[in-house]
Amino acid sequence: MRRYAMSDIHGCIEPLQTRIAQVEELGFFDTDCADELVLLGDYVDRGPDSLGVLRAVMALEQRAAGRVIVLRGNHDEMFLEWLGVPTTGGVATGLEAAGFDEDLSFGFDDDLGFDEFGSSDFYDVEPPFDAPDPDRNVMDPEYRFRSFRQMDPNLATMRSFLTDEQLRQLDHGMRRFATMIDAFDTACHAIRNAYPEVISWMQNLRDYHETERQIFVHAGIDESAGREWALGTPRETMLGTRTTSNAPFYKDVICGHTPTCYVCGNPDHHDVLRWGPSHIYIDGMTTASGVLPLLVWNSETGEYASL
């Protein structure tokens with residue numbers, strides 16, 4: 001039996017389709033196949049087709065029922081949050097701690113248009129999950145707008161869900177600060193109405209997957225808790241920690257979230273990274289590199305490989 005894993009697809013539908021075709025050639029969809037595929041989250045934001053990726057993953061789950069395990073990432077959680085949909089845990093954004101201005105203009109002039117709004121110096125900035133705001137109101141449109149502004153600054157996710165007419169209306173509303181939040185909230189309402197099945201599916205994604213040999217999680221776990229890690233790890237750590245490890249652990253910990261080039265310090269490394277005896281990182285920074293790492297574990301040999 002083989003167990004595959006991918007992470008951080010981030011709206012990049014073509015690399016995902018290539019990997020699906022690859023595992024299909026290896027017999028993954030054969031009726032007698034027992035292989036598994038674990039997806040570690042972050043299906044949305046940055047890339048051009050977040051909706052297409054979500055639909056492809058949903059189809060995968062149906063096509064190989066019980067053998068495709070879909071986890072959530074921080075971007076998936078934050079997508080639901082800025083969309084105005086209650087989530088199972090409420091991972092905090094910590095926007096204030098990140099230094100974002102309470103003034104919702106973000107320094108925009110009053111007459112900035114859609115093109116200017118869609119470009120951002122904050123493209124790769126992510127919230128510090130170690131400083132949550134316990135008093136935040138995640139359903140407040142202004143709070144949601146700030147979250148959206150951080151997580152989808154190039155509007156790639158929003159564009160993938162809206163029709164041309166809805167985008168035109170959003171563009172018109174975004175041209176004046178006074179109407180920005182109302183235009184944003186109208187767009188979110190349109191997405192909630194058009195894609196209830198996608199949203200419901202995302203609400204029910206799990207935070208981790210444990211096997212006899214591995215722990216699969218989007219960002220990481222609190223290993224100081226030892227075998228009680230599942231009880232001792234807050235959800236914000238599972239979805240958002242930037243702490244990486246090369247220390248031994250009693251099971252192999254397989255994560256995305258932090259790109260492998262950052263973990264190892266080599267800016268050209270975008271493949272699977274074995275980091276110490278018990279840790280494997282598989283975020284290839286796909287939107288920048290075009291590489292979607294595919295990890296495979298062979299149960300007969302106990303060996304890992306990158307396909």
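Just so it is clear, the values below take in all heavy atoms, side chains as well, and ignore hydrogens, waters and symmetry mates.
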*Asks:* Do the non-hydrogen side-chain atoms of Met151 and Asp45 ever get within less than 4.5 Å of each other?
*Replies:*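 Side chain of Met151 against side chain of Asp45, heavy atoms only: contact under 4.5 Å found.
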*Asks:* Using the rule given for side chain to side chain contact (heavy atoms under 4.5 Å, CB included), can you reason through Thr237 versus Thr243, listing the C-alpha separation, both sets of side-chain angles and the distance that settles it, and then say yes or no?
*Replies:* CA-CA 9 Å; Thr237 296; Thr243 300; over 6 Å; no
*Asks:* Using the rule that two of Ile, Leu, Val, Met, Phe, Trp, Tyr join whenever any of their side-chain heavy atoms come within less than 4.5 Å, decide whether Val263 and Ile282 are in one cluster.
*Replies:*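 Per the 4.5 Å side-chain linkage, Val263 and Ile282 are not co-clustered.
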*Asks:* In this structure, would Leu51 and Leu60 fall into the same cluster of hydrophobic residues linked by side-chain contacts under 4.5 Å?
*Replies:* yes
*Asks:* Tell me, with the steps shown, if Phe249 and Ile221 meet side chain to side chain contact (heavy atoms under 4.5 Å, CB included).
*Replies:* CA-CA 11 Å; Phe249 198 61; Ile221 61 173; 3.8 Å; yes
*Asks:* In Å, rounded to the nearest 0.5 Å, how long is the span from OH of Tyr43 to NE2 of His75?
*Replies:* 13.0 Å
*Asks:* Could you measure the distance from the OG1 atom of Thr233 to the OH atom of Tyr208? Nearest 0.5 Å is fine.
*Replies:*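 So the OG1 of Thr233 and the OH of Tyr208 are separated by 9.0 Å.
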*Asks:* Under 3.5 Å, is there a donor-acceptor pair between the side chain of Ser306 and the main chain of Leu295?
*Replies:*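 The answer is no, because no donor-acceptor pair under 3.5 Å joins these two groups.
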*Asks:* Start with the C-alpha gap between Glu61 and Trp201, add the side-chain angles, then the distance that decides, and say whether side chain to side chain contact (heavy atoms under 4.5 Å, CB included) holds.
*Replies:* CA-CA 11 Å; Glu61 196 177 40; Trp201 175 83; 2.6 Å; yes
*Asks:* Not counting sequence neighbours, which residues clear side chain to side chain donor-acceptor pair (under 3.5 Å) with Glu14? List them please.
*Replies:*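 So Glu14 forms no side chain to side chain donor-acceptor pair (under 3.5 Å) with any residue.
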*Asks:* Roughly how far apart are Leu162 CG and Thr157 OG1, rounded to 0.5 Å?
*Replies:*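 Atom-to-atom, Leu162:CG and Thr157:OG1 are 10.5 Å apart.
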*Asks:* Is there a side-chain contact between Leu26 and Val296 (heavy atoms, below 4.5 Å)?
*Replies:* no
*Asks:* Is the shortest side-chain heavy-atom distance between Glu24 and Arg63 below 4.5 Å?
*Replies:*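 Yes, their side chains come closer than 4.5 Å.
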*Asks:* Taking Thr260 for the side chain and Asp271 for the main chain, is one N or O donor matched with an acceptor at less than 3.5 Å?
*Replies:* yes
*Asks:* Would you name the heavy atoms of Met285 and Cys261 that are closest together and state the gap between them?
*Replies:* CE-SG, 3.6 Å
*Asks:* What distance separates Phe79 CZ from Leu54 CG, expressed to the nearest 0.5 Å?
*Replies:* 7.0 Å
*Asks:* Quick one: are Ile20 and Phe29 in side-chain contact, heavy atoms under 4.5 Å?
*Replies:* yes
*Asks:* According to a hydrophobic-cluster definition based on side-chain heavy atoms being under 4.5 Å apart (Ile, Leu, Val, Met, Phe, Trp, Tyr only), do Met6 and Tyr4 belong together?
*Replies:* yes
*Asks:* Identify the two heavy atoms, one from Asp35 and one from Arg2, that lie closest to each other, and give their separation to 0.1 Å.
*Replies:* OD1-N, 2.8 Å
*Asks:* Tell me, do Trp82 and Met158 make a side-chain contact under 4.5 Å, heavy atoms counted?
*Replies:*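 In short, these two side chains touch, coming nearer than 4.5 Å.
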*Asks:* Taking Arg19 for the side chain and Leu307 for the main chain, is one N or O donor matched with an acceptor at less than 3.5 Å?
*Replies:*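 Here the side-chain-to-backbone pair exists.
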*Asks:* Go through the steps for Arg235 and Arg72 under the test side chain to side chain contact (heavy atoms under 4.5 Å, CB included), then give the verdict.
*Replies:* CA-CA 11 Å; Arg235 291 187 72 251; Arg72 79 177 69 215; 3.4 Å; yes
*Asks:* Work out which heavy atom in Gly284 is nearest to a heavy atom in Ser289; give both atom names and the distance.
*Replies:* O-OG, 2.7 Å
*Asks:* Hey, quick one: are Trp275 and Leu40 part of the same hydrophobic cluster, counting side-chain heavy atoms closer than 4.5 Å, chains of contacts allowed?
*Replies:* no
*Asks:* Thinking salt bridges, do Asp171 and Arg175 make one under a 4.0 Å N-O criterion?
*Replies:* yes
*Asks:* Without swapping roles, check the side chain of Arg46 against the backbone of Ile9 for a donor-acceptor pair under 3.5 Å.
*Replies:*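 Here the side-chain-to-backbone pair does not exist.
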*Asks:* Report yes if the side chains of Thr287 and Cys12 come closer than 4.5 Å at any heavy-atom pair, otherwise no.
*Replies:*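 In contact.
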*Asks:* Between Ser7 and Asp283, is there a side-chain donor-acceptor contact under 3.5 Å, judged purely by atom types and distance?
*Replies:*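 Side chains of Asp283 and Ser7: no pair found under 3.5 Å.
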*Asks:* Are Leu294 and Val23 side-chain neighbours, meaning at least one heavy-atom pair lies under 4.5 Å?
*Replies:*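 Yes. Closest side-chain heavy atoms under 4.5 Å.
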*Asks:* If you look only at pairs with a residue in residues 212-225, which of them pass as a side chain to side chain donor-acceptor pair (under 3.5 Å), with sequence neighbours excluded?
*Replies:* Arg3-Glu212, Arg3-Gln214, Asp42-His218, Asn74-His218, Thr211-Gln214, Arg213-Asp252, Gln214-Tyr304, His218-His257, Asp222-Ser224, Glu223-His279
*Asks:* Hey, quick one: are Ile69 and Met202 part of the same hydrophobic cluster, counting side-chain heavy atoms closer than 4.5 Å, chains of contacts allowed?
*Replies:* no
*Asks:* Please tell me if the side chains of Asp207 and Leu239 come closer than 4.5 Å, counting only heavy atoms from C-beta onward.
*Replies:* yes
*Asks:* Could you tell me which non-hydrogen atom of Met180 sits nearest to which non-hydrogen atom of Met174, and how far apart they are?
*Replies:*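 The pair with the smallest heavy-atom distance is CE-O, 3.6 Å.
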*Asks:* Compare every heavy atom of Asp8 with every heavy atom of Gly256, then report the nearest pair and how far apart it is.
*Replies:*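 Minimum heavy-atom separation between Gly256 and Asp8: CA-OD1, 3.4 Å.
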*Asks:* To the nearest 0.5 Å, what is the distance between CZ on Phe28 and CG on Leu37?
*Replies:*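 If we round to the nearest 0.5 Å, Phe28:CZ and Leu37:CG are 5.0 Å apart.
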*Asks:* What's the separation between atom CG in Leu80 and atom OG in Ser147, rounded to the nearest 0.5 Å?
*Replies:*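 Going from the CG atom of Leu80 to the OG atom of Ser147 covers 10.5 Å.
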*Asks:* Do you know which two heavy atoms are closest between Pro248 and Ser278, and how far apart they sit?
*Replies:*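 It is CA-OG, 3.4 Å.
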*Asks:* Counting heavy atoms not belonging to Glu165, are there more than 12 under 6.0 Å from its CD?
*Replies:*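 Buried by this count: over 12 neighbours within 6.0 Å.
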*Asks:* Has Glu303 got a side-chain atom pairing as donor or acceptor with Asn298's backbone, closer than 3.5 angstrom?
*Replies:*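 Flag not set: sc Glu303 to bb Asn298 has no pair under 3.5 Å.
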*Asks:* I'd like a table of donor-acceptor pairs (distance under 3.5 Å, sequence neighbours excluded) in which one partner is a side-chain atom from residues 181-199, with atom names and distances.
*Replies:*
residue: Asp185; atom: OD1; partner: Arg144; partner atom: NH1; Å: 2.9
residue: Asp185; atom: OD1; partner: Arg144; partner atom: NH2; Å: 2.9
residue: Thr186; atom: OG1; partner: Asp182; partner atom: O; Å: 2.9
residue: His189; atom: ND1; partner: Asn193; partner atom: ND2; Å: 3.3
residue: Arg192; atom: NH1; partner: Leu83; partner atom: O; Å: 2.6
residue: Tyr195; atom: OH; partner: Phe161; partner atom: O; Å: 3.4

